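Since the model is a prediction, treat every value here as computed from it, not as a measurement. Numbers restart at 1 for each chain; the letters A, B, ... are given by sequence-line order, proteins then strands.
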There are 2 protein chains.
Amino acid sequence: MSFQPVGSAAARAGRAQQDTKNRLLDAAERLFAERGFEGTSLRAVTRAAEASVSAANYHFGSKEALLHAALLRRLEPLNRRRLECLASAEDAARGAPLTVEAIVAAFLRPGFEARRSLQADQASDGHIAARLYTDPHGMVASLKAELFGPVIGRFLEALGRALPDRSLAELALGFQFLIGVMVHVISGHGGGPAATAIPEHQLLDHMISFTAAGLRAASHPGSTAETAGGRR
Amino acid sequence: MSFQPVGSAAARAGRAQQDTKNRLLDAAERLFAERGFEGTSLRAVTRAAEASVSAANYHFGSKEALLHAALLRRLEPLNRRRLECLASAEDAARGAPLTVEAIVAAFLRPGFEARRSLQADQASDGHIAARLYTDPHGMVASLKAELFGPVIGRFLEALGRALPDRSLAELALGFQFLIGVMVHVISGHGGGPAATAIPEHQLLDHMISFTAAGLRAASHPGSTAETAGGRR
DNA sequence: GTCTATATGTTGATAGAC
DNA sequence: GTCTATCAACATATAGAC
């Protein structure tokens, strides 16, 4: 956010500053995602970034602020893209209610693509936002609420139009289920025994079909104890 | 596992030993669940258990072994109950294939009830097994694979009989989605904005309906880009 | 079995030179 | 802006008294 001098004397210093700051953010993103916040020492980050502890504290002020910056850098554009996808789908529908599939796709695809490009770039095994979604640190929870709150509200509106006979509470709960699926997959924890046999390019479609069908399904109280029924 | 002397001289020592060990396990369970493994110092555990660090290392050997014991104490009976529920449902069905609902209920209900009794007992905000399911620590992952692997395999068999036209890979992936939903809810992270408006006693039914419908749904490739379709 | 005391290393953050 | 050097606090684990 601060402007660098353009003169030739300070040019190298200016470039180096940007580089150090970004190297720190990159290293923090990778290590926090791999080992969690408490499991990662500030020194491990600075070592990976080939910088000193002081440089990190100069740029960010504290370890917690570094996490905040690294998380925000990925999460903010991600949620912006989610809203853009939903808006453009609504524009294309010209006032007609969207498919449940189209709505959940608008929410899931941005994170899914972020995961794919991350897999290609480095050897990180999961997106930082998904990995830290369940981190016990308090700052993560508050940042999560602040950034996801409005987005979820916007998607619940769209879902309410697609499924007008369902209560807001039901839809909100179903959307929490969807988030559970997403976090599990994007964080890389969903690589169970035979689940990896599904080719990567079909994964998003499966997630969309699963969650859309789940959202559409009404709750069947009492279905829990029966062993025989109309459906298989 | 070790037998205590029954004589009156060592009776108090024997009882105290058991108490200390259990107090340590209780405190470790609560704190590890709240703050994660790396975020919890052994001292914080022993302080909460009103014991010394040495007592913890005497009984368990290390902080990591304490986590292992605390996690195993809850996870082992939980997974045993899951298998029992599935077996008794299959017995009651007398050879007929089970409902998808009955299968996912057998998997979900034990964890759900553990969460409920935990909510009643103490102020812990989530089951340790669910909270630590995503913990980056390596031991958690290996214990998870060791304990969940056979259980998941057994449930996939039952699902294969209920949905014979689906590939094993598809079912395994769908079951991973189900686990994502479960971990999200049981760990207490699924308490979003309006989702808490659902009464507690309906939560399990909603989870079952959502995941069963998701498992039944086939993937619709290309459903991701369309904005209008036959369904709403 | 449980304690106090201690050994040994690491942590996050800062001071001050350049 | 970036470094080296240093701080006080805290970590895990152990030794030895009782």
- [ ] Dot-bracket for DNA chain C, please, read 5' to 3', with Watson-Crick or G-U wobble pairs under 3.5 Å on both distances, ( ) within the strand, [ ] crossing, | other strand, . unpaired.
- [x] |||||||.||||||||||

Open item on the list: When you measure from the side-chain N and O atoms of B:Y58 to the phosphate of C:dG1, is any distance below 4.0 Å, counting only OP1 and OP2?
Closed with: yes

Open item on the list: Which residue is it: B:H127, B:R73, B:R131? I am looking for the one with a side-chain hydrogen bond (donor to acceptor under 3.5 Å, both in side chains) to B:E29.
Closed with: B:R73

Pairs of donor and acceptor atoms involving the side chains of residues 42-53 of chain A, under 3.5 Å and at least two apart or interchain, shall be tabulated with distances.
| residue | atom | partner | partner atom | Å |
| --- | --- | --- | --- | --- |
| A:T46 | OG1 | A:L42 | O | 3.3 |
| A:T46 | OG1 | A:R43 | O | 3.0 |
| A:S52 | OG | A:A55 | N | 3.2 |

Open item on the list: If you assign A:V53 and B:E50 each to the DNA chain C nucleotide with the nearest heavy atom, which residue ends up on the more 5' nucleotide?
Closed with: B:E50

Task: DNA chain D-proximal residues of residues 38-46 of chain A, any heavy atom under 4.0 Å - done: A:R43

Task: Parallel, tilted or perpendicular: ring planes of B:F32 versus B:F37, cut at 30 and 60 degrees - done: tilted

Open item on the list: Applying side-chain hydrogen bond (donor to acceptor under 3.5 Å, both in side chains), can you list everything that pairs with A:T134, at least two apart in sequence or on another chain?
Closed with: B:T134

Task: Candidates C:dT2, D:dC3, D:dG1 - which lies nearest the side chain of A:A55 - done: D:dC3

Open item on the list: OP1 or OP2 of C:dT4 versus the side-chain N and O atoms of B:S52: is any pair under 4.0 Å?
Closed with: no

- [ ] List in chain and number order the residues that pass side-chain hydrogen bond (donor to acceptor under 3.5 Å, both in side chains) with B:H184, two or more places apart in sequence or in another chain; answer none if no residue qualifies.
- [x] A:Q176

Open item on the list: Could you report the tightest heavy-atom contact between B:K63 and B:N57, atom names first, then the distance?
Closed with: N-OD1, 4.4 Å

Task: Over all atoms of both residues, closest heavy-atom pair of B:M182 and B:F107 - done: SD-CE2, 3.7 Å

TODO: Provide, to the nearest angstrom, the distance between the CG atom belonging to B:L66 and the P atom belonging to D:dA13.
DONE: 10 Å

Please list each protein N or O that sits under 3.5 Å from an N or O in nucleotides 15-18 of chain D, with the distance.
| residue | atom | partner | partner atom | Å |
| --- | --- | --- | --- | --- |
| D:dA15 | N6 | B:S54 | OG | 3.3 |

